[in-house]
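Heads up, the thing below is written out as structure tokens.
A quick note: this is a predicted structure, and the numbers were derived from the prediction, not measured. Below, chain A is the first sequence line, B the second, and so on; all start at residue 1.
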Amino acid sequence: MKQNYFPQEIEKKWQKIWEESGAFKTPDKSDKPKYYALSMFPYPSGKLHMGHVRNYTITDVIARFKKAQGYNVLHPMGWDSFGLPAENAAMKHGADPEKWTVENIAYMTKQLKMLGLSYDWDREVTTCKPDYYKWTQWLFLQLYKKGLVYKKEAAVNWCDKCATVLANEQVIDGKCWRCDSEVEKKYLSQWFIKITDYAEVLLEDLDKLTGWGDNVKTMQANWIGKSQGAIFRFPVVDTPNGDKLEVPVYTTRPDTVHGITYLVVAPEYKDIEKLTTQENKEAVETYRANARKMTEIERLSTERVKTGVPLGTHCKNPFTGEIFPLWTADYALVEYGTGAVMAVPTHDTRDFDFAKKYNLPLKVVIQNPENPSDCKDAAYTEPGVLVNSGEFNGMKNEEAKKAITEKAVREGFGEFKTQYRLRDWLISRQRYWGAPIPVVYCEKCGIQPVPEDQLPVLLPKDVDFSVVGKSPILTSKTFIETTCPCCGGKARRETDTMDTFICSSWYYLRYADAKNDKMPFSKDKVNHWLPVDQYVGGIEHAILHLLYSRFFTKALRDLGLLDFDEPFKNLLTQGMVLKDGSKMSKSKGNTVDPDEIFENYGADTARLFILSDSPPARDFDWSDAGVEGCYKFLNRVWRLVASNADDISLADAAGFNYSSLKKDNDDLVRNVHIAIKGITNDISNDFQFNTVISKYRELTNAIYEWRGKKSELDDEDKKVMSFAIVTLMKLMSPVAVHLTEEAWHDLGAEGSIHDEPWCEWDENLAKASSITLVVQVNGKLKDKIEADEACSEDELKTLALNSPKVKELTDGKTIVKTIVVPKKLVNIVVK
RNA sequence: GCCCUGGUGGCGGAAUCGGUAGACGCGUCGGACUUAAAAUCCGAUUGGGCGAAUAACUCAGUGCCAGUUCAAGUCUGGCCCAGGGCACCA
């Protein structure tokens, strides 16, 4: 066995052997229970970054650990390969986005292989390939037939820089999630998916996801934004044209209905023109025009002073008979509720601000009896008792919510209502590099889905990528003109492509049956492999990808394509990789190139380091010294094996009689069992790889220390050492995949260490032979005494009281109480 | 404003049940080996006090203030700070 550790040499060697022997191929059929370990698949942007390295290493170690524990593990990889960067690169270099993407995939695949990841590459999925996007289109058509896809004219988020629309989830603080430029409103006819039909079940089923963190679940719950309230309809008393109109409002505070002093409709409210008097028309039109021009950022700024104009008409409050004015103001949002708000300035801070500005009246209807307020300076939004509310006076406001709504239901001017903030998912994109939406427009027959046997609708090749401000697909001469599948007449193809988040909403299903050319996947296979047992990825997908995928799974279940309702049983959201305290980014110039680490230290060092310093869910601060430290540790492990190789026997390592060993040998055997137990538990319990690695180090240190005390080894020593070192190799094999394999073979093994079962521990041996009794006086540590494990409580007490230290401290004092914690501690309370 | 997560040495972080705070590592300092360097190995490393610089002793210490308890990083109540999410959502 070579005395020096040459990672570059051994890593290449084993990667080749594993690939040639198909070491990581996963059969669909097996006697073993299944385990599906999945990393969020990457966008092929060019090169791996350290975030990828962290993500994939975590999942790889989990996959290998589960395999060793006897599971049939599915651990696939693929490419989320549609999207704008490819198109932008194409524009810049005049190349085809496909060429750019394929080259990136090739390079990144090479890097993944260098990292020693145990993927079954036979199941690779690439979303931009026709054999995949054919099925994305097919699924679109199924959703369309089910009525879950529709087209409508709507105010949508438009990013001018990306020249496309965006989903609500892709607008972050009024800016484009990808390029950070300000998003505008545009009125366009666009394709939507009815994710709102699933709002309730998406919210409810969060409770089933016991393997997800609360942070992600609350983010989703907030995004869905359920609220319970009521709809009230207010008749308009003075429409200019004499129309009989009602204005419905949604409120979560029906208890305050007697305090309404005005009513606000959104500037985009559908009936607004019918509700505006001749005298107010000009002012209202000006106000509406301004609102339309404003960007999302301007409009949503909380610092902005509220503005509005009166419409000139009035409503009647059916509860009180009071007449109050109608206003329009942009603090009412057309997309939420009914687009109209009943304003109770005394008990709502927004209405209060508005009323103060325009001198609208205040009417107090909720009071805290202990501390009454006239609401002249601020709205009172806390619980209280109703006043000025007729028959409801004296009622607690929580009860009044129900009672008042019930009255409205009885009398026919309102009902209970559950409202969600979630909006339908806008999926059309005015870009080239995505799956074409498979519909055509026929002058006679209207919108026609492309028949399934004509899929895939292929992306055209004859396009000019240098066009600015419109989709390159529009430059194709062959794509747009087609025939109607219904009447055979002239028709035009849809030129919008699908949001790439559609592609990534079902890829995890395709891995179960990646080569199926009849269906996106067979039902049996997805039912067998899914749900994903462990999903690992960044927190940035907490809403976007994870919500969409949950929706897709539920919708496909309702289509009868699969039989489960949540795709990801357990979710680990790994933290970011930082350098010098901030996120690694090209613009900051604080990136670390994985290639350099592989080259200088090897993949095993990279894998060990990326897991070592922080628990997976927390942010990880990259340090060059830390890498160096891990490299030194692997060298130290290698030297331990290499320098003792002649005395190590795999047969002895497999097991021998542990009883009546020499004291130091017994201690080492115990240390090994303690390590097996600790490491197994740390991985099983939330994947605490940082402590796993400190236990590798502890065991290594213990073996070195033991070895350092021996000049000659007898038979027993050799057996014990074989057991200790070989077990260390097995425990380290999921992390240091190449080093342990090389050592395993150098010690004479035939098969792969990665086919070995996980180590077992003996509970009796996984603890120290004696205990350290902690002796406290008045709760403070005063002495430690080595004691036999078998000591009774009384014996421990006597031991403690006989300690010279304790005698000194208790001398002349009264012992009030003595607490004995078996096998651990004695606390003597003195006065 | 609401919600989530977190706060422990110079740094990353350990610490099943409330029971030795600071595992393991990084950094720093000192030492061994060497002609020298690299590599490797050994030791020290929370702060204060009293010692003579060692040892021993002692007090304080896990964001802050209270509480429960023989005993609190851990439990309870109230606050502060940082990061993240949502937000004119009626």
Compare side-chain N and O positions of A:N690 against OP1 and OP2 of B:rA14 and report whether any pair is under 4.0 Å apart. yes
Report yes if at least one side-chain N or O of A:Q688 is closer than 4.0 Å to OP1 or OP2 of B:rA15; otherwise report no. yes
Using whole Å, what does the distance between atom C1' of nucleotide B:rA14 and atom CG of A:N685 come to? 14 Å
Protein-nucleotide distance (A:E540, atom CD; B:rC86, atom P), rounded to Å: 13 Å
Remember a base hit wins even if backbone is also touched, and classify A:R421 as base, sugar-phosphate or nothing at under 4.0 Å, heavy atoms. base
Give A:S623 one of three labels, base, sugar-phosphate or nothing, depending on what nucleic acid heavy atoms sit under 4.0 Å from its own. nothing
Between B:rC4, B:rC59, B:rC70, which one does the side chain of A:N215 approach most closely? B:rC4
Say you pick atom C1' in B:rG83 and the same atom in B:rG63; how far apart are they, in whole Å? 15 Å
With C1' as the reference atom in both, quote the distance from B:rG22 to B:rA60 in angstrom, rounded to an integer. 16 Å
Name the nucleic acid region contacted by A:K695, choosing base, sugar-phosphate or nothing; use a 4.0 angstrom heavy-atom cut-off, strictly under. nothing
Does a nitrogen or oxygen in the side chain of A:Y336 sit under 4.0 Å from OP1 or OP2 of B:rA90? yes
Of the options B:rG19, B:rG13, B:rA23, whose atoms approach the side-chain atoms of A:E698 most closely? B:rA23
Separation of A:L544 atom CG from B:rG84 atom P, in whole Å? 17 Å
Looking across every strand, which nucleic acid part, if any, lies under 4.0 Å from A:T349 by heavy atom: base, sugar-phosphate, or nothing? nothing
For residues A:E169 and A:W425, is any side-chain donor paired with an opposing acceptor at under 3.5 Å? no
Side-chain donor/acceptor of A:Y336 to backbone N/O of A:Q419, under 3.5 Å: no
Pick base, sugar-phosphate or nothing for A:K217, based on heavy-atom distances below 4.0 Å to the nucleic acid. nothing
With rounding to whole Å, what would you report as the distance between B:rG73 and B:rU8 at their P atoms? 15 Å
Any side-chain N or O of A:R697 under 4.0 Å from OP1/OP2 of B:rC26? no
With a 3.5 angstrom cut-off on both distances, give the Watson-Crick or G-U wobble partner of B:rA39, or none if there isn't one. none
Would you indicate, yes or no, if B:rC70 has its OP1 or OP2 atom less than 4.0 angstrom from a side-chain nitrogen or oxygen of A:K817? yes
Does A:V821 reach a base, just sugar-phosphate, or nothing at all? Heavy atoms under 4.0 Å. base
Less than 4.0 angstrom between a side-chain N/O of A:R618 and OP1 or OP2 of B:rU5, yes or no? no
Counter-base of B:rG18, judged by Watson-Crick or G-U geometry with both distances under 3.5 Å: none
Within the 4.0 Å heavy-atom criterion, would you say A:N701 contacts the bases, only the backbone, or no part of the nucleic acid? sugar-phosphate
How close do A:L426 and A:L166 get, counting heavy atoms only, and between which atoms? CD2-O, 3.6 Å
Using a cut-off of 4.0 Å on non-hydrogen atoms, how would the nucleic acid contact of A:N827 be classed: base, sugar-phosphate, or nothing? base
Under 3.5 Å donor-acceptor, A:N55 side chain and A:G51 backbone: no
Tell me which nucleotide among B:rA90, B:rG27, B:rC4 gets nearest to the side chain of A:A625. B:rG27
Which part of the nucleic acid does A:Q776 contact within heavy-atom distance under 4.0 Å: base, sugar-phosphate only, or nothing? base
Could you tell me whether A:A343 contacts a base, only the sugar-phosphate backbone, or nothing, with contacts defined as non-hydrogen atoms closer than 4.0 Å? nothing
